[in-house]
Amino acid sequence: MILIFIGHATSKDMVDHFTHAVLESGLHIPNMVQVSMDGPNVNWKFFELLKQKILSDHGTNLINIGSCGLHVIHNSFKMGAESTGWNVSSFLSSLYYLFTDSPARREDFKNVTGSSIMPLKFVNHRWLENIPVCERAIVIWEKIISYVEAVETKKVNTPNNKSYAVVKECIKAPCCFAKLHFFKCIALQLQPFLLIYQTHRPMVCFLSDNLCLIIRS
């Protein structure tokens, strides 16, 4: 694998760097079958320019398998979760930031609940990697309620930030605990796709069939 960061690069810049790093490396370029990508628009332009160059220079073509299927699954789950309006992501994110970088609040939480288990960080760009984050929130759910009750009854200091306001509002919302379980349940159904295809093995030939299975299920 060759990794190059080239800042504000255009698609033409990317082709030039790819040419220097790969096409002029001594590899047998006519054997190149496919180039993977995450899917930003500049990558599509890069792919088209690269196809034209390889066809012109070597008389061969690249297979277009589309953008990154892993990102499609992450973003599909994100869109589905956000369309519910349940604010699960806001709750999980706020729960983490309520206690991170705040030794005083972490100490208050431990003193009130007797537990040192803290929330995990919500990953906003890879949603299916938030299963452990959701599971942790479920595990400490009763502790969170106890902490909020302690704050509201002035047993500990009131956090003067947005994160606390979000957490307080969410735990009082109907079925919030059930929504966390639903979030986790759906994520667990999609996670196997990532486990299968997030690998260096040549799995692309099985990609379309497995996507169809996920859509049908």
Side-chain angles (χ1 to χ4, degrees), residues 38-40 67-198 211 214-217:
D38 283 346
S67 61
C68 176
L70 303 181
H71 281 72
V72 170
I73 299 300
H74 279 298
N75 291 335
S76 296
F77 177 68
K78 173 184 177 180
M79 292 298 294
E82 290 187 335
S83 68
T84 63
W86 290 349
N87 296 322
V88 171
S89 60
S90 295
F91 172 72
L92 294 176
S93 181
S94 297
L95 191 59
Y96 171 78
Y97 285 110
L98 176 60
F99 297 104
T100 191
D101 297 329
S102 178
R105 284 197 289 272
R106 293 170 74 93
E107 183 178 351
D108 287 343
F109 181 86
K110 184 176 180 179
N111 290 338
V112 167
T113 66
S115 173
S116 59
I117 301 175
M118 290 288 134
L120 299 177
K121 185 175 183 179
F122 185 85
V123 182
N124 196 44
H125 59 284
R126 292 182 180 269
W127 275 54
L128 290 173
E129 293 184 5
N130 290 308
I131 294 174
V133 181
C134 187
E135 289 175 333
R136 175 62 61 84
I138 291 172
V139 167
I140 64 174
W141 177 257
E142 296 297 332
K143 310 294 186 184
I144 299 167
I145 293 176
S146 297
Y147 173 77
V148 171
E149 288 177 347
V151 171
E152 295 304 299
T153 55
K154 308 299 182 182
K155 294 179 180 178
V156 295
N157 292 333
T158 301
N160 186 25
N161 55 41
K162 182 179 177 181
S163 293
Y164 176 73
V166 172
V167 170
K168 175 184 172 182
E169 180 181 358
C170 286
I171 66 169
K172 292 183 177 180
C175 303
C176 183
F177 190 57
K179 292 170 184 176
L180 289 176
H181 276 282
F182 187 80
F183 181 97
K184 172 188 169 183
C185 176
I186 300 301
L188 285 172
Q189 293 183 46
L190 298 175
Q191 188 186 47
F193 178 87
L194 303 184
L195 298 178
I196 293 172
Y197 289 101
Q198 199 161 339
L211 273 174
I214 289 175
I215 292 171
R216 287 172 187 152
S217 63

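S93 contributes no side-chain N or O that, together with a main-chain N or O of S90, makes up a donor-acceptor pair within less than 3.5 Å. Checked by atom type and distance alone, the side chain of S102 never pairs as donor or acceptor with a backbone atom of F99 at under 3.5 Å.
At least one side-chain heavy atom of I131 sits under 4.5 Å from a side-chain heavy atom of L188. Between F91 and N87, the closest side-chain pair of non-hydrogen atoms is not below 4.5 Å. L92 is listed as a side-chain neighbour of C134, based on a closest heavy-atom distance under 4.5 Å. Side chains of F109 and V156 form no contact here, defined as non-hydrogen atoms less than 4.5 Å apart. Looking at W86 and F182, their side chains come closer than 4.5 Å, going by heavy atoms from C-beta outward. A heavy-atom distance below 4.5 Å is not found between the side chains of K143 and I117. Looking at heavy atoms from C-beta onward, I138 lies in side-chain contact with F177 at the 4.5 angstrom threshold. Side-chain contact check for Y147 versus P159: some heavy-atom pair is nearer than 4.5 Å.
Atom OH in Y96 sits 11.5 Å away from atom CZ in R136 (nearest 0.5 Å). The distance from atom CG of N130 to atom NZ of K78, rounded to the nearest 0.5 Å, is 11.0 Å. Here the straight-line distance linking atom CD of E135 with atom NE2 of H181 works out to 10.0 Å at 0.5 Å rounding. Here CD1 of I140 is found 5.0 Å from CG of L95. Values are rounded to the nearest 0.5 Å. The distance from the NZ atom of K162 to the CD atom of E169 is 10.5 Å, given to the nearest 0.5 Å. Here OG1 of T158 is found 10.5 Å from CZ of R105. Values are rounded to the nearest 0.5 Å.
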Which is it for L180 and W141 under the side chain to side chain contact (heavy atoms under 4.5 Å, CB included) test, yes or no, and what are the steps along the way? CA-CA 10 Å; L180 289 176; W141 177 257; 4.0 Å; yes
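Of all heavy-atom pairs between S94 and S163, the closest is O-CB, 3.5 Å.
Heavy atoms from other residues, nucleotides or ligands lying under 6.0 Å from CG of N111 number more than 12.
Taking the six-membered ring where tryptophan is involved, the planes of W127 and F122 are perpendicular, since the angle between them exceeds 60° and thus also 30°.
Every residue two or more places apart in sequence or in another chain that forms a side chain to side chain contact (heavy atoms under 4.5 Å, CB included) with K168 is listed here: V148, E152, Y164, K172. Residues forming a side chain to side chain contact (heavy atoms under 4.5 Å, CB included) with S76 (at least two apart in sequence, or on another chain): V72.
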